[in-house]
Amino acid sequence: MSQTRRQYPFHVIEPKWQEVWERQQTFRAWNPGEIIPAGHPFAQRHGCDSGALPPKCYILDMFPYPSGAGLHVGHPEGYTATDILARYHRARGSHVLHPMGWDAFGLPAEQFAVKTGQHPRKATEANIATFKRQIRSLGFSYDWTRELDTTDPAYFKWTQWIFLQMYQAWFNPDTSRAEPIDTLPYPSGLTTDEERRAYRDGRRLAYVAEMPVWWCEQLGTVLANEEVLDGKSEVGDFPVIRKPMRQWMLRITAYAERLLQDLDTIDWSPALKEMQRHWIGRSEGAEVTFAVAPASTRPGSPAPAITVFTTRPDTLFGATYMVLSPEHPLVDPLTTDAQRPAVETYRRQAATKSDLERTELAKDKTGVFTGAYAVNPVNQEPIPVWIADYVLASYGTGAIMAVPAHDTRDLEFARAFNLPVRVVVQAPGSRDSIGYVDDGVSVNSGLITGLPTPEAKRKITAWLEERGLGRRTVNYKLRDWLFSRQRYWGEPFPIVWKRDARGRLHHEALPESALPVLPPHLTDYKPTASGQPPLARAQDWVNLPDGAMRETNTMPQWAGSCWYYLRYLDPRNPSAFCEPAAERYWMGAAAAAHPVPGERAGAGPGFPASEAPATRPGVDLYVGGTEHAVLHLLYARFWHKVLYDLGHVSTPEPFHRLVNQGLILGEDGQKMSKSRGNVINPDDVLKDYGADAFRLYEMFMGPLEMVKPWNTQGVEGVYRFLGRVWRLFVEDQSETEFDQAMTADASRARTWLDQVRLSPAVQDAAATPAQLKTLHACIRKVTEDLDHLRFNTAISALMVFVNEALAWECKPAAVLREFLILLQPLAPHLAEELWSKLTATFPTPPGARATPAPALSYQPWPAWDPSLLAEDMIEIPVQVNGKLRGRIRVPAGATSAEFEAAARACEKVQPFLAGKTVRKAIVVPGKLVNLVAV
RNA sequence: GCGCGCGUGGCGGAACGGCAGACGCGCCAGACUUAGGAUCUGGUCCCGAAAGGGGUGGAGGUUCAAAUCCUCUCGCGCGCACCA
């Protein structure tokens, strides 16, 4: 490919403009109060007063983890989409914030460190350098002055600071908000400081708990539920086991309801919202307390009771046994001596079972009878208590009442162990009531017999509540977030451990002045022999002079990405995570105070009022892969809400609009992977076709959100298009001279490029109506398509324009000028080069609007003029009985009757009307005529 | 199993319920050329000489009119997966 002649000298053009943008800081965004230099193109368009900034538009990419493998063609897909929109909105007059950074803490760099002893920072820096070079070579309009790195102490100082905000807060259930921990009321019984501390520490948003966690021996760390797939670690695919450990947790469950409710306020795809809803997993039901039968109670000990959660309290009369999860605390006290050996064996097996084994065994229910009986509160019937691993310790109360007639799992279990099945819900029609799990009518159920399920639920719950036997409850699948990792390459906790007078350990927050807490220097990054995290190796770091010991866990990789979008707003601020004025401006809370400038609000003919950009609360557009549909996006929303409650941010949601780009598959239609050998390296594509072609192709492949295969021949297609654009503007002869000069002396490429002349067909001439129509149709299509993220059809519209314009004898400079403004967001390098040539010859073409700024990136987006698009005569199809039979040409303003008359008169239509009566004529003015004839 | 999404030429994909296949790839023919894997021109859903007929995974339905809306069904993809 590199042998053949280039379509146009992108290899000279692209570095040239990237340098210009860098030197000029063209895409720098300005904070309120910042001094804007008069010479900057932003100032030339909007003025220098940063107290009166135009409306903001925050366009954000999910920042990458800079891996050693370098950029993948999937990364630039989203980045190109956001860059096009950033450039488009800049042209439309918005003040665009479009930043990039690095999510650089993480396991690969640490594992490399464990192997080589090299500090992870070194690998991280090298990877960032590669990523940055690759991303820059694509010509994205990022404001690089806001670049972030989550591993930079100046950044993670504030990650630690936010952790402290959570540590120093509790969730007030009365207000449903986080509040400072000083406002926590204490129960009257707590008198000593120790008691109050224990109470307080148990209510913080960041708390410590002994939790059964997934421990991964190979990685030497615990993992969150979400990081474990089928009993293997998501990273590395190593086996994991269940193990109780002391861990930091974040109380995300307190926000379950708000995380769910507020989904309704944001503009995300329904599929994505659905995934979050499922993850949160709200279900309404009741907790019901079953007394343990006196015979099963140990003499002398208080009578225990088993509380279960059920979404079907109406089936209480059908409960024929109960099941505790193997880990349930009542298993031990309830188990009879006769059953104890069997129960113990079963519990041991359940503890060592991996998730994979549990899943595989899902079809065959297992369990053991404890020997104990509980009493059904509605009918005093004694029912046996079993343990089984199909009941999860972590959901609800860890215990269930089993209603085999109306629950599939209970039915399987009952059949496996020959337990009774009692129908209490009558299925509608002739359906079998056994195994019927949907709503029906209660039967054999005492006071609720005869009631439809919803009413039965209400009545029985009220009955239970009156007697103190149960209460209405809402349960969530969402679990608290396991927030500590036994790793080196992560943020240390700003926490120390101290002993009280009785020698008991407790934790305390370090003061803000101690931030950032830097990790110690190590030579060995492995966990210690005793299973302690690697930080424990640095004893002089761990042990402080006052006898306190530092926390040796680190935060998970998710931490840094939970708030990076806020740091971009004020990335170098040493005294706050973000200055409030900047936060209000960029997150849109202050939007109402800024009137929309006339140029945009005016909504000229080509900008219908509904299209006038409205400032949105939060990030205007966030683009990234679906792999973050739940975790990152839920965690970030959670942190944002905490910061909102504590008054640090002004919007309840961080990301107003979110779009997932679709996966790019290999040329074979398979997922790209090294083992398949179908990985496309962006560097190779750039070398052969240039950045503009690469960008254009990624967008031309199909709708952004769709999964689509790569096709290198497709790249050639858009590359040829860019070649046609080039030839539309330049003179052939001077291009040949350029090639010859390059062969002779490639070192003077920029000079030769400057000598390429504009085609003589480009003239200072008035555009013909046909040319204007071509232009304005293009303006309209590109504008509407970009507004709806339809990049592929926008590109197609540009192609249509170029195909027509190539045929023009005379190419009016004013028309080409507008075309370049449309091209700029998509193929910015080529557009800039041609713009510089065009404006050098035609500084202000007749009929063009005045140019307030010389930089193409700040040229106002053109509006289309509908009057130029209007046709005098239109051609529309004529159908007979819904089938296309002919076409008629009629004046655009014709009446329905005229349309109909013309249709009946149409020669091609006549034969199909012969011998028939037109019963009805459907006339869609300007669209079509359909004659219904019998 | 449950939930969500998607099925249109040889391929990627277009198409406010109103001309199916825009645009691009590929392919065919031609022009310019020492040459063409550059460029330009024309053609390209299927059957048919034409008139015409058929056609958006399949089967029904709503409608004057369905790729588009509804029901069922098949296939593919993604997510969740004993959540009581």
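Chain A is the first sequence line, chain B the second, and so forth, proteins listed ahead of strands; every chain is numbered from 1.
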Nearest-0.5 Å distance, OH of residue A:Tyr8 to CG of residue A:Leu830: 5.0 Å
Listed nucleotide nearest any side-chain atom of A:Met799, set B:C23, B:C64, B:C80: B:C23
Base-contact (B) and sugar-phosphate-only (S) positions in nucleotides 12-22 of chain B, heavy-atom cut-off under 4.0 Å, - elsewhere: BSS-B-BB--B
Interatomic distance, A:Arg720 CZ vs B:G37 P [rounded to whole Å]: 12 Å
Nearest-nucleotide 5' precedence on RNA chain B, A:Pro270 against A:Thr311: A:Pro270
Length of the CG-C1' vector between A:Leu663 and B:C78, whole Å: 10 Å
Nucleotide nearest A:Tyr395 (side chain, heavy atoms from C-beta), chosen from B:A84, B:C23, B:C64: B:A84
Over 12 non-hydrogen atoms of neighbours within 6.0 angstrom of CD in A:Glu875: yes
Note: A:Glu274-A:Arg277 ion pair, threshold 4.0 Å (strictly below): yes
Between C1' of B:C4 and NZ of A:Lys273, the distance in whole Å: 15 Å
Between P of B:A84 and CZ of A:Phe413, the distance in whole Å: 18 Å
Intermediate values then yes/no, side chain to side chain donor-acceptor pair (under 3.5 Å), A:Thr253 and A:Asp480: CA-CA 5 Å; A:Thr253 51; A:Asp480 272 346; 2.6 Å; yes
Sugar-phosphate only, base, or nothing, as touched by A:Asn803 at under 4.0 Å among non-hydrogen atoms: sugar-phosphate
Cation-aromatic face contact A:Lys365/A:Phe413, 6.0 Å, 45 degrees: no
Integer angstrom distance from the C1' of B:C45 to that of B:U56: 11 Å
Under 4.0 angstrom between A:Arg727 side-chain N/O and B:C40 OP1 or OP2: yes
Among B:G3, B:A84, B:C40, the one nearest A:Arg724 by side-chain distance: B:C40
Enclosure of A:Arg431 CZ (heavy-atom neighbours >12, cutoff 6.0 Å): no
Integer angstrom distance from the P of B:C64 to that of B:A81: 48 Å
B:C6 and B:G10, which share atom name P, separated by this distance in whole Å: 23 Å
A:Asp732 CG: over 12 foreign heavy atoms closer than 6.0 Å: no
Distance between P atoms of B:U8 and B:C2 (Å, rounded): 25 Å
Whole-Å distance separating the CG atom of A:Leu665 from the C1' atom of B:C6: 13 Å
B:G9 glycosidic torsion: syn (within 90° of 0) vs anti: syn
Between B:G24 (P) and A:Phe721 (CZ): distance, integer Å: 9 Å
d(CD, A:Glu705; P, B:C78) in whole Å: 17 Å
Whole-Å C1' distance, B:G7 and B:A14: 16 Å
Touch class at under 4.0 angstrom, heavy-atom based, for A:Ser283 against every strand present: sugar-phosphate
Rounded distance in Å between the P positions of B:G3 and B:C19: 35 Å
Any donor-acceptor N or O pair under 3.5 Å, side chains A:Glu735, A:Trp726: yes
A:His278 side-chain proximity, nearest of B:C25, B:C82, B:G3: B:G3
Presence of A:Gln7 side-chain N/O under 4.0 Å of B:U39 phosphate oxygens OP1/OP2: yes
Length of the line joining A:Phe694:CZ and B:G24:C1', which is rounded to integer Å: 18 Å
Whether A:Tyr689 and A:Tyr719 hold their rings parallel, tilted or perpendicular, with breakpoints at 30° and 60°: perpendicular
B:G13 versus B:G21 - spacing of their C1' atoms, nearest Å: 9 Å
Chi angles and distances behind the ring-ring contact (aromatic ring centres under 6.0 Å, His included) call for A:Tyr321, A:Phe417: CA-CA 11 Å; A:Tyr321 63 101; A:Phe417 294 96; 8.8 Å; no
Strand RNA chain B in bracket notation, Watson-Crick/G-U under 3.5 Å with | for pairs to another chain: (((((((..(((.....[....)))((((((.......))))))(((....)))..(((((..]....))))))))))))....
C1' gap between B:C69 and B:G18, integer Å: 15 Å
Touch class at under 4.0 angstrom, heavy-atom based, for A:Arg277 against every strand present: nothing
More than 12 heavy atoms of other groups within 6.0 Å of A:Arg780 CZ: no
